[in-house]
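Please read the structure below before turning to the comments.
Each chain gets a letter, A, B and so on, in the order the sequences are listed, and its residues count up from 1.
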There are 2 protein chains.
Amino acid sequence: MTRPAGDDRAPAPTLVEVARAAGVSRATASRAVNGGDRVSPEALQAVRAAVRELGYRPNRAARALATRRTDSIAVVIPESDSRLFTDPFFATVLHGVTTALASTDLQIVLLIGHKGEQSARMLDYLRDGHTDGAIVVSHHRMDNVAEVLADSPMPSVFIGRPWDPAKTPVTWVDVDNFTGGVLAVEHLVARGARRLGTVAGPQDMGASVDRLAGWRAGAEAAGLATDAVVHADYTVAGATRATEELFAAHPDVDGLFVASDLMASAALRVLETLGRRVPDDVRLVGFDNMELATSLRPALTTLVNPAAEMARHAVEMLLSQFGSSGGTEPDLLATELVVRESS
Amino acid sequence: MTRPAGDDRAPAPTLVEVARAAGVSRATASRAVNGGDRVSPEALQAVRAAVRELGYRPNRAARALATRRTDSIAVVIPESDSRLFTDPFFATVLHGVTTALASTDLQIVLLIGHKGEQSARMLDYLRDGHTDGAIVVSHHRMDNVAEVLADSPMPSVFIGRPWDPAKTPVTWVDVDNFTGGVLAVEHLVARGARRLGTVAGPQDMGASVDRLAGWRAGAEAAGLATDAVVHADYTVAGATRATEELFAAHPDVDGLFVASDLMASAALRVLETLGRRVPDDVRLVGFDNMELATSLRPALTTLVNPAAEMARHAVEMLLSQFGSSGGTEPDLLATELVVRESS
DNA sequence: TTGTAGGCGTTATCAA
DNA sequence: TTGATAACGCCTACAA
């Protein structure tokens, strides 16, 4: 395929040409293009006509150089390959962010990278301030993202609380993971469970820690043991292994809380293989309430993780920081139990 | 949270300061920073030391303004809300693109938008050439993306062939959807199916059309009827409705080809509700071979959609266009049947 | 190999 | 309200 003929199209028109066509100065043309403040009605109209006529569009790079703003924000996902896109949670968040940003003319720069060089590049990019703000989606204890952003003048919002809010004072929005854990236990117990177990998430993430803490608190409040705990990494493979381990060590577990729907789907398969009926032998509760939960058999009882709503909040919080130099208060959203067939 | 004290950090160092610190001119410093061509070893070393010393990092906006390149590429997903992120296909592609781009210092600008204003902004952004290239992931007949890119000097690659390659001569990489449809039918027939049906994808996408055409060709070759066709939009809800319709109209279907794994998961539930056993009463084949296929019960027979590989190819094809002014030949990847429990 | 000088397209300052 | 004029930070002939 060759380049189509006539490809040497005229170079994009610049502001000088607009100014000339409109019979005004560059400065006036610039003002007219940017909202038209301090511009006479006639000049404004002339410039607008010229813009339309010439098909003028501002050059982003030049504008960025002059204003020191880029009209873009970074969406940061410091997540490992295996998990990143198998878990519908990210997708939902990403979608929420783009939707919330749709009315702005902010572009999304996607920054992905967990380890090594990829992660280093990501952090450099953030440090260099190449974007006007950042939204961080899946933050881990050691990823350094919180440190970099806390130390940067760039506005940022975390979806999911930072690992150590005291050391890294960044703004965040999160779901009430702790209460989610408590609710799960209360429900399991109400359904007759007497021996609780949990497949917890990786303990280098705030969400995982909080969900496990909630489960523990709930179990203790019910006077039940809290020793049947295994950990996995939010992947199907990891959860499969962990669930097998759990039931090998504690075959009497009859109430299971799994820290994500995706992992719960894996647990379900393991239980099936083991010949345990759900919910008759083992009552099962997940976390996230993604579409997946409804398509499992039996359909999954789970806790709502309002990913889209968190994304919306995050964008709002970020935008509100653009005007003022101050930060924003963190925001903790409520969760809710959705009862289906698995419990 | 107030702005931490001492926030008035020194402004980022510029090339002039590097040059001064290194005792060379701006021009030499620039050359040294960009590969060090035509720079004496001593000068190079001096500049490098100064860079490290000052923590210099080039300003992207300034560089973009001077070079007319942005060191970023657009990933374009002109897809509707309902589908975008429920289908793991996108996630896999996106992940593949980011991985393939990891060794470059190209940033990914994510462009999402299906209809109305969002779509218009997206097209404007592309037209304005704000990125060095574009990769388009889910192209529909009427989204205008192919037209805009075919008419633009910006290099681009489609993942999934454009709707009308003749009218919009853009480069693409795709899986052999047609052969996939044929293989599905041959397999279903070999398993004993005598009455074929299909849940096809939306007919404004190349992939859907090709899969359906393959199914048809295969059925005709086997001397079987091709009237049991319903259409859906690659969502669970749509596929559920469509499958119900299909079996209401053609209750005798005993071999079903569904155009995506996600939709096949919906079909599976419908069949279960209808009391049809899979594969005993109805043999089922999906398309994509995403992780989902293995977690369904029964596990899904399906066709490989090499999303990650397509992403890698797309990036390679795009990068190869950066050097030369010529385009790249389209690329059609083979698919393969993966037999599991559902057939 | 080096430095000088001009330009990339916009915005911001400051008189007029 | 307007228009010179000077940044913004970098790259790149061109001449030395």
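Nearest heavy atoms, B:Val157 versus B:Met317: CG2-CB, 3.8 Å. Between A:Pro78 and A:Met122, the closest heavy-atom pair is CB-CE, 3.8 Å. When every heavy atom of B:Val170 is checked against every heavy atom of B:Pro162, the shortest pair comes out as CG2-CG, 3.7 Å. Considering all non-hydrogen atoms of both residues, A:Ile159 and A:Ala311 come closest at CD1-CA, 3.8 Å. In this structure, A:Asn144 and A:Glu147 approach most closely via the heavy-atom pair CA-OE1, 3.2 Å. Closest approach of A:Asp143 and A:Ser119 over heavy atoms only: O-OG, 4.5 Å.
Within residues 13-25 of chain B, the residues having any heavy atom closer than 4.0 Å to DNA chain C are, in order of number, B:Val24, B:Ser25. Interface residues of residues 28-42 of chain B facing DNA chain D, ordered by number: B:Ser30, B:Arg31, B:Asn34; criterion, heavy-atom separation under 4.0 Å.
Between atom CZ of residue B:Arg38 and atom CG of residue B:Leu44 there is a gap of 14.5 Å, rounded to the nearest 0.5 Å.
Regarding B:Arg63, its CZ atom lies at a distance of 5 Å from the P atom of D:dC11, rounded to whole Å. Residue B:Arg68 contributes atom CZ, which lies 13 Å from atom C1' of D:dC10 at whole-angstrom precision. A:Arg26 places its CZ atom 14 Å from the P atom of D:dA7, with the value rounded to the nearest Å. Between the C1' atom of D:dC8 and the CG atom of A:Asn59 lies a distance of 13 Å, rounded to the nearest Å. Between the P atom of C:dT10 and the CZ atom of A:Arg57 lies a distance of 12 Å, rounded to the nearest Å. Counting to the nearest Å, the P atom of C:dT11 and the CZ atom of A:Arg60 are 12 Å from each other. At whole-Å resolution of the value, CG in B:Asp71 and P in D:dC11 are 10 Å apart. Atom NE2 of B:His130 and atom P of C:dG9 are 13 Å apart (whole Å).
Using a 4.0 Å heavy-atom criterion, one finds that A:Ala43 contacts the sugar-phosphate atoms exclusively.
A salt bridge does not link B:Arg121 with B:Asp124: none of the charged nitrogens is closer than 4.0 Å to a carboxylate oxygen.
Between A:His139 and A:Phe158, the ring-plane angle classifies as perpendicular under the 30° and 60° cut-offs.
Minimum atom distance to the side chain of B:Ala66 is reached by C:dC8, of the listed D:dA13, C:dC8, D:dA4.
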